[in-house]
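Computed from heavy atoms alone, side chains included, the values below leave out hydrogens, waters and symmetry copies.
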Amino acid sequence: MGTLEFWANGEDFIREGFVSKDGWELSFEHVYVTLADITAYQTDPPFDPEGNADLLARALVSLSGPITVDLITAPPAERALLGSLEAPPGHYNALGWRLVPALEGPAKGYSLWIEGQARPTKEGAGEMPFVLKFSPEVAFTCGEYVGEERKGFVRVGQVADLEVTFHFDHLFGDGSLPPNDSLNQAALGFAPLVKLDPVSLEQRLAASAARSTGGGSDLLEVDRGDLQEGSPAAKAVLEILHHLGHVGEGHCRAASGPAQTESSP
C-alpha cells in the first residue's frame, strides 16, 4: 500500500485578494468549504468530465466526511489538508466530491462561507466587512489533475496527493481582465452577490466610512441560501457554483445532488 493525501486550494485569488469584475477590491479572512464523499478513482478509460460517458472505476478510495476547511491558510502553506489514507498502488486519474452544508463550526448550515473586506477602487470610498453564505449541495466529478506536474500516482510505501481546487474568479470575476472576457461575462461580480443597488451601495459606503473613523463599521451579512428555488437569482448563483470546482486547471462535471459513478467488472 501507499498513501494518498487530499488537499483543498483556493489559489492566490483568495489568499492575496483581488479586484472583482465590477471594481471592488476584495480581501478575505475566512473561506470555509465543507466537502463529503471525497473519492479518488483509477479509471479506464480516463474520465472526460466534458463528455457524456459515465465514470468507470477500476479502484477507488474515499474520505466520507463531511470535512470543513478554511481555504485561508497561514503562510507559507498554500493548501488545506482534507485528510489522507492508505491506497492501493496505481494512478488515481479522477476525483469526485460533494459540496455540502457544515454540521458544526462557524459555517454550520452552509456549504460555502466567504468572509472578508470589500472596498470600491474609487478614491476615498469606505471599506465594508462582509459575509456571504451559500447552502446548496453540489456534486463534482472531475478528471485528472491539470497543472505544472501530474498528480495521483500512488506507489508502494510512498506518498502521493490530489487536489480539490476552487476558482473564485468564476464567482466574482477578475478586474484585471477585459469586461468582455468570457470569464467576466459569466461571473456575477461582487455587488450583485450582496444584493446592493447603486443607491443603497453609496449609503452603506458612506456610513461605513463614517464609522471606520470612529473605530468600526457594520458587517454586511448576506445569506444566499434564502433564494427562492427556481428563481432567476437562484439559478444564476447555482450555475456559478457549478463552475467553482476544479482539479488544478482541470474541469469537472457538476450537478445538484450526489455524483453518479459506475465500477467496471
Side-chain angles (χ1 to χ4, degrees), residues 1-12 14-15 31-51 53-100 102-103 105 111-112 137-167 244-255 257-265:
M1 300 289 279
T3 299
L4 184 60
E5 296 178 338
F6 297 85
W7 295 82
N9 188 353
E11 301 189 307
D12 290 342
I14 288 298
R15 292 188 298 272
V31 178
Y32 297 107
V33 292
T34 301
L35 311 180
D37 300 331
I38 309 161
T39 305
Y41 304 94
Q42 296 184 27
T43 70
D44 187 16
F47 174 66
D48 179 8
E50 298 182 278
D54 292 327
L55 185 155
L56 300 176
R58 301 183 63 178
L60 61 87
V61 291
S62 183
L63 296 171
S64 58
I67 300 167
T68 301
V69 292
D70 188 351
L71 297 177
I72 306 299
T73 54
E78 295 183 350
R79 306 185 296 176
L81 182 64
L82 295 164
S84 64
L85 42 75
E86 288 189 333
H91 183 204
Y92 291 84
N93 58 349
L95 182 64
W97 72 90
R98 289 190 300 124
L99 189 66
V100 300
L103 299 180
S111 51
L112 173 62
E137 182 174 327
V138 181
F140 295 90
T141 309
C142 316
E144 183 178 348
Y145 176 89
V146 177
E148 294 181 357
E149 61 182 52
R150 300 178 73 188
K151 293 182 178 291
F153 291 93
V154 174
R155 298 177 174 87
V156 174
Q158 297 184 19
V159 178
D161 75 280
L162 286 174
E163 178 183 293
V164 174
T165 316
F166 293 94
H167 289 195
L244 200 64
H246 291 69
V247 279
E249 295 300 321
H251 291 173
C252 301
R253 184 182 298 175
Q260 296 182 353
T261 62
E262 295 181 6
S263 296
S264 59

Ring geometry between H91 and F153 (parallel below 30°, tilted from 30 to 60°, perpendicular above 60°): parallel
For R79 against T73, the heavy-atom pair lying closest together: O-CG2, 3.4 Å
L99 and L35, any side-chain heavy atoms less than 4.5 Å apart: yes
Shortest non-hydrogen separation from F6 to L63 and the atoms involved: CD1-CD1, 3.5 Å
Nearest heavy-atom neighbours spanning A80 and V69: CB-CB, 3.9 Å
Atom pair CG (L4) and CG (L162), whose distance is rounded to the nearest 0.5 Å: 5.0 Å
Between CG on residue N93 and CD on residue Q42, distance to nearest 0.5 Å: 7.5 Å
Minimum-distance pair of heavy atoms, taken over all atoms of T165 and G248: OG1-N, 2.7 Å
Minimum side-chain heavy-atom gap T43-L56 below 4.5 Å: no
Aromatic ring pairing H251/H246, orientation class (parallel under 30°, perpendicular over 60°, tilted between): perpendicular
Separation of D161 CG from L82 CG (nearest 0.5 Å): 11.0 Å
Over all atoms of both residues, closest heavy-atom pair of A94 and F47: CB-CB, 4.4 Å
Nearest-0.5 Å distance, CZ of residue F166 to CG of residue N9: 9.5 Å
From T39 atom OG1 to L95 atom CG, the distance as rounded to the nearest 0.5 Å: 8.0 Å
Charged N-O contact under 4.0 Å between E163 and K151: no
Closest non-hydrogen atom pair between C252 and G245, with its separation: SG-O, 3.4 Å
Atom pair SG (C142) and OH (Y41), whose distance is rounded to the nearest 0.5 Å: 10.0 Å
Main-chain N/O of D48 paired with R253 side-chain donor or acceptor, under 3.5 Å: yes
